[in-house]
Each structure stands twice: as structure tokens, then as C-alpha cells.
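Below is one structure, written out as C-alpha cells; the observations come after it.
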Amino acid sequence: MPAPLWTGLRQVALQRDTNILVYGVLQFSASLHDLYDTTAQKLDRIWHSIGIHEQRLTALHRQTQRAQKDQKEIRELVEGVKAKNTVLQQQTWSNKKMLQKVLVGHQDLSQRVKGVEEVLASMEERRFPDKGRGFPALQWHAGLNSPAHLAMVKSPQGRGAQLIEKRHTALSTDPG
């Protein structure tokens, strides 16, 4: 049925038309209520999701700061280790040079000791033929002229002299 045109007269609406309009308004209201509820739920989910993302971003920010701090500490440690390594390399080089000098000195000293032993052996044969041969005879002779021997001989208690006499007796009876 075509809608009546407004003619300026007031007409009372039929009950059936009023029911249809009220039913339509109720359906529209229910639809708006559902739309509001679903929109509110969606917004709640969005705010919850944003909150979770903000927490994650905050945690990532803290982790980034901690990683930067750790990276700085590691750099400082590496620089310290490099510096210590440089010092140790210099010390190693210095120690190597010193050890080489000591080895050369040791070889030189060994050759000199062998030379002295040869000289002493020849002197021993000439000077001490009755005291035996070898190093014990040199020890005996060196013992008589040592500062300890002389101090004991000059000891006011005389105990030093007794010890020296025992030593002379022991060394003179030693076959060498």
C-alpha cells in the first residue's frame, strides 16, 4: 500500500501499523545494543592487546639497556685483557732476553769452572802430593784458609780449635 501523503489532517494510526513500527524500533534497539556490546568487547580486547604490547616493549627496552650495559662492560674487559696481554707479551720478551743472557752466562761460567778445575787439578798435583788427589784435597786446603776456620781458631773459648783439630785429623786420615 502506498504511503499516504500528509494532507494536513490528523489521522490516527492503525494498531497494526503501530505494532510494526514498535517491533522495528525494538529490533533496531536490540541491534544497536548488540553492536555496542561487540564494539565494547572489541575495544577491551584492543586495549588488552595494547597493554600486552606495551609490557613487551617495556621489557624489550629494559633488555636492550641491560644488553648495552653488558656490551659496554665486555668491551671494557676486552680492552683490559688486551692491555694485560700486551704487558705480558713485553714481559715475556724481556724474560726471554734475560733467559738467553743467563744461558750464555751459564755456558761461559761452565767453561770457566772447567778451566779453573783444570788449573786447580794441576796445582793440586804439584802442591799436595801427600794429601791425595781430587777435590777432597782442595776442600781440605780451602777449609784451612776459610774465614770460618780462622774465626774458630781465634775463638777465645778454644772450642773452635778443638773442632779444627778433629777436622784435620779426619781429613788427614781420609784417603781422598
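The figures here come from the full heavy-atom set of this structure, side chains too, leaving out hydrogens, waters and symmetry mates.
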Pairs involving residues 65-91, ordered by first then second residue, that meet side chain to side chain donor-acceptor pair (under 3.5 Å) (sequence neighbours left out):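 Residue pairs with at least one partner in residues 65-91: His61-Gln65.
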Nearest 0.5 Å please: distance from the [atom1] atom of [X] over to the [atom2] atom of [Y].
{"X": "Ile52", "Y": "Trp47", "atom1": "CD1", "atom2": "CH2", "result": "14.0 Å"}
{"X": "Leu32", "Y": "Thr39", "atom1": "CG", "atom2": "OG1", "result": "10.0 Å"}
{"X": "Leu26", "Y": "Ser31", "atom1": "CG", "atom2": "OG", "result": "10.5 Å"}
{"X": "Arg62", "Y": "Thr64", "atom1": "CZ", "atom2": "OG1", "result": "11.0 Å"}

Under the side chain to side chain contact (heavy atoms under 4.5 Å, CB included) criterion, do Gln55 and Thr58 qualify, and how do the steps go? CA-CA 5 Å; Gln55 289 174 354; Thr58 303; 5.6 Å; no
Under 4.5 Å side-chain heavy-atom separation, chaining through any Ile, Leu, Val, Met, Phe, Trp or Tyr, what else clusters with [X]? Say none if it is isolated.
{"X": "Ile20", "result": "none"}
{"X": "Leu103", "result": "Leu99"}
{"X": "Trp93", "result": "none"}

Can you tell me which residue pairs pass the salt bridge (Lys or Arg N to Asp or Glu O under 4.0 Å) test with a partner in residues 19-46, sequence neighbours excluded?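 As it turns out, there is no salt bridge (Lys or Arg N to Asp or Glu O under 4.0 Å) pair with a partner in residues 19-46 once direct neighbours are skipped.
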Among residues at least two apart in sequence or on other chains, which ones pass side-chain hydrogen bond (donor to acceptor under 3.5 Å, both in side chains) with Gln15?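 For Gln15, the residues satisfying side-chain hydrogen bond (donor to acceptor under 3.5 Å, both in side chains) (neighbours in sequence not counted) are Asn19.
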Would you please test Leu14 and Thr18 for side chain to side chain contact (heavy atoms under 4.5 Å, CB included) and show each step? CA-CA 6 Å; Leu14 298 173; Thr18 306; over 6 Å; no
